[in-house]
There are 2 protein chains.
Amino acid sequence: MAEHECVQLVPIFSELGSEQLDTIESIVRHHHYPAGSTLFGADDPLDSLMIVANGQVKVYQLAANGREQLLYLLQTGDIDGEAALFENQRRTSFGEALVPTDVCSIRRSDFQDLMQKYPSISINVLNVFGKRLNQLERQTTSTATESVEARLANYITETAAALKTDTFKLPLKKKDLATFLGTTPESISRKLALFERQGLITQKPGKVIEINDADQLLLTE
Amino acid sequence: MAEHECVQLVPIFSELGSEQLDTIESIVRHHHYPAGSTLFGADDPLDSLMIVANGQVKVYQLAANGREQLLYLLQTGDIDGEAALFENQRRTSFGEALVPTDVCSIRRSDFQDLMQKYPSISINVLNVFGKRLNQLERQTTSTATESVEARLANYITETAAALKTDTFKLPLKKKDLATFLGTTPESISRKLALFERQGLITQKPGKVIEINDADQLLLTE
DNA sequence: TGAATTTCTTGACGGCCGTCAAGTTCTGAT
DNA sequence: ATCAGAACTTGACGGCCGTCAAGAAATTCA
């Protein structure tokens, strides 16, 4: 592992100098998780901020009725554990490594010291939270007001736009995609088949999708 | 108006001294809105943080299909405009005064200067955002996985718990409550009538509800 | 590569809940 | 207090989509 390995590539520390990164590196703890393993559970004490140094992490929340909701798909450089920043809070979500994943964690009190010392960190974290808030606001509105068909169409076009390509592989299994969109794997299969019959997309083996008519997809209600 | 009028009562400035509050007071702009008026629209340039000095504000988001989603009910001391903190962002929500409301606003650049100067502000804002993130995560999970019946039962018990009383007045019209819970006024009427038939609650004139069996309400699926 | 397991697809069915409509109650301004 | 308009309630109806089931396809691991 290189020096500053995980600390260096994290956007929230982007404005710090090499010396300050050394300080931080001495504080963080490193972990490695194999694919499919659980990083933290819904009942774990919530006292650390987590940084994804390498890999992908699914973050789920458990509803009262036992159903799971996929909230975030964390990529390298993403952070989780915002609730760790204030006291007396219990974690209500759990995380699972999608691929072999390296994680750094910083204890709450240490991170609070860091933010006091380097205000740029707080501001960077604020930006991350602000973006996440926006994303969640849109997701809430979307699941509450739009049909499964519209949500799926949106997801496809947004994913394609993010990847800047019309042909891409779905990054999630249908079951995960279903809990993310607030529906079921069966409904996703059906709606994709419908889009294909309408000529809007083409499905290829290996969860690969090609978009034929993005404009029309967005008009889906 | 007293000195520091709006600035003083806002939690995010709680750790500042009188002199620093003077500085802030000189930066903020004051506004007053009569009940029912629009504070900001979905297309307004998004360059200020808003502080509710007195009153109540409904914050809606507009879905692609034209439907409205009530996201927050801001009270005195609450803030809005997190997205104002980073650039190149357009507002996608709009706010409406529920009662006559006083608001202070701070321009983005001014607020960023403040956070650099007084790190405690950033940390307070982080706490606010963290709580809001948690709330939104639960709301997303709830609308995506639970029935209207369960969501309404939850809302009732949570509101009662927050007010520490079994008898309370619904703070919103059924139409607003409906968009908040991701359903319709008709469904709310029906479910409340159902709860009453089951003996779980008693409805009284003036949107007042008395909870008879909170435990059973929470078991609603 | 081949077999076992997981994931996916498609059909049939039913229930939840959104929509429309009409009547009733509530509210607030005069 | 009265009245106009808004908000609410209740019924009837229908469609979306979740559930269950069974077979097909894909992925994993030896």
Side-chain angles (χ1 to χ4, degrees), chain A residues 34-37 58 63 65-70 96 98-100 142-153 155 169-198 201-209 220-221, chain B residues 34-36 58 63 65-70 96 98-100 141-153 155 169-198 201-209 220-221:
Chain A
S37 60
K58 295 185 288 186
N65 54 17
R67 294 238 200 135
E68 297 173 354
Q69 165 80 22
L70 179 58
E96 190 185 307
L98 202 64
V99 297
S142 178
T143 56
T145 66
E146 295 180 335
S147 68
V148 169
E149 200 170 323
R151 276 177 269 158
L152 180 59
Y155 173 83
K169 175 187 171 122
L170 291 174
L172 293 168
K173 293 177 181 151
K174 292 233 163 57
K175 180 177 165 254
D176 287 328
L177 190 51
T179 80
F180 183 68
L181 295 176
T183 179
T184 60
E186 293 95 326
S187 287
I188 298 211
S189 271
R190 276 187 256 267
K191 292 304 179 186
L192 285 180
L194 172 66
F195 291 158
E196 188 157 33
R197 281 199 302 279
Q198 294 174 332
I201 66 169
T202 308
Q203 294 190 73
K204 302 181 176 177
K207 287 202 269 286
V208 172
I209 287 184
T220 300
E221 291 213 354
Chain B
K58 295 184 289 187
N65 55 17
R67 293 238 201 133
E68 297 172 355
Q69 164 81 22
L70 179 58
E96 191 185 306
L98 202 63
V99 297
T141 303
S142 178
T143 56
T145 66
E146 295 179 334
S147 68
V148 168
E149 199 170 322
R151 276 178 270 159
L152 179 58
Y155 174 83
K169 177 188 171 120
L170 291 174
L172 293 168
K173 292 178 181 152
K174 292 232 163 58
K175 180 177 165 253
D176 286 328
L177 190 51
T179 79
F180 183 68
L181 295 176
T183 178
T184 61
E186 294 95 326
S187 287
I188 299 215
S189 272
R190 276 188 256 267
K191 292 305 180 187
L192 286 179
L194 172 65
F195 290 158
E196 188 157 33
R197 280 199 302 279
Q198 295 174 332
I201 67 169
T202 308
Q203 294 190 74
K204 302 181 176 178
K207 286 202 270 288
V208 172
I209 286 184
T220 300
E221 290 215 354

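None of these values were measured; they are calculated from a predicted model. By convention in this document, chain letters (A, B, ...) are assigned in the order of the sequence lines, proteins followed by strands, and residues within each chain are numbered from 1.
Of the two residues near DNA chain D, B:Pro185 and A:Glu146, the one whose nearest nucleotide lies more 5' is B:Pro185. Positionally, the nearest nucleotide of DNA chain D for B:Ser187 lies more toward the 5' end than for the other of A:Lys207 and B:Ser187.
Taking every heavy atom of both residues into account, B:Thr179 and B:Gln69 meet most closely at O-OE1, 3.2 Å. Contact record, B:Gly206 with B:Lys169: O-CG, 3.5 Å, taken as the closest heavy-atom pair. The minimum heavy-atom distance linking B:Thr141 with A:Ala63 is given by the pair CG2-CB, 3.7 Å.
Between A:Leu177 and A:Tyr155 the shortest side-chain heavy-atom distance falls below 4.5 Å. Using a 4.5 Å heavy-atom threshold, the side chains of B:Arg67 and A:Glu146 count as separate.
The CG atom of B:Leu181 sits 12.5 Å away from atom NZ of B:Lys191, with the distance rounded to the nearest 0.5 Å.
Looking at A:Ser147, its side chain does come within 3.5 Å of a backbone N or O of A:Glu221 through a donor-acceptor pair.
Residues from residues 172-183 of chain B that place a heavy atom under 4.0 Å from any atom of DNA chain D, listed by number: B:Lys173, B:Lys174, B:Lys175.
Protein atom CZ of B:Phe195 is 14 Å distant from nucleotide atom P of D:dT9, rounded to whole Å. For the pair A:Leu98 CG and D:dT27 P, the computed distance is 15 Å after rounding to whole Å. Rounded to whole angstrom, the span from the CD atom of A:Glu186 across to the P atom of D:dA21 amounts to 12 Å.
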Show your working on side chain to side chain contact (heavy atoms under 4.5 Å, CB included) between A:Arg151 and A:Thr143 and close with a plain yes or no. CA-CA 7 Å; A:Arg151 276 177 269 158; A:Thr143 56; 4.0 Å; yes
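Protein chain A contacts DNA chain C over a range whose 5' and 3' limits, counting nucleotides with an atom under 4.0 angstrom from a non-hydrogen atom, are C:dT7 to C:dA12.
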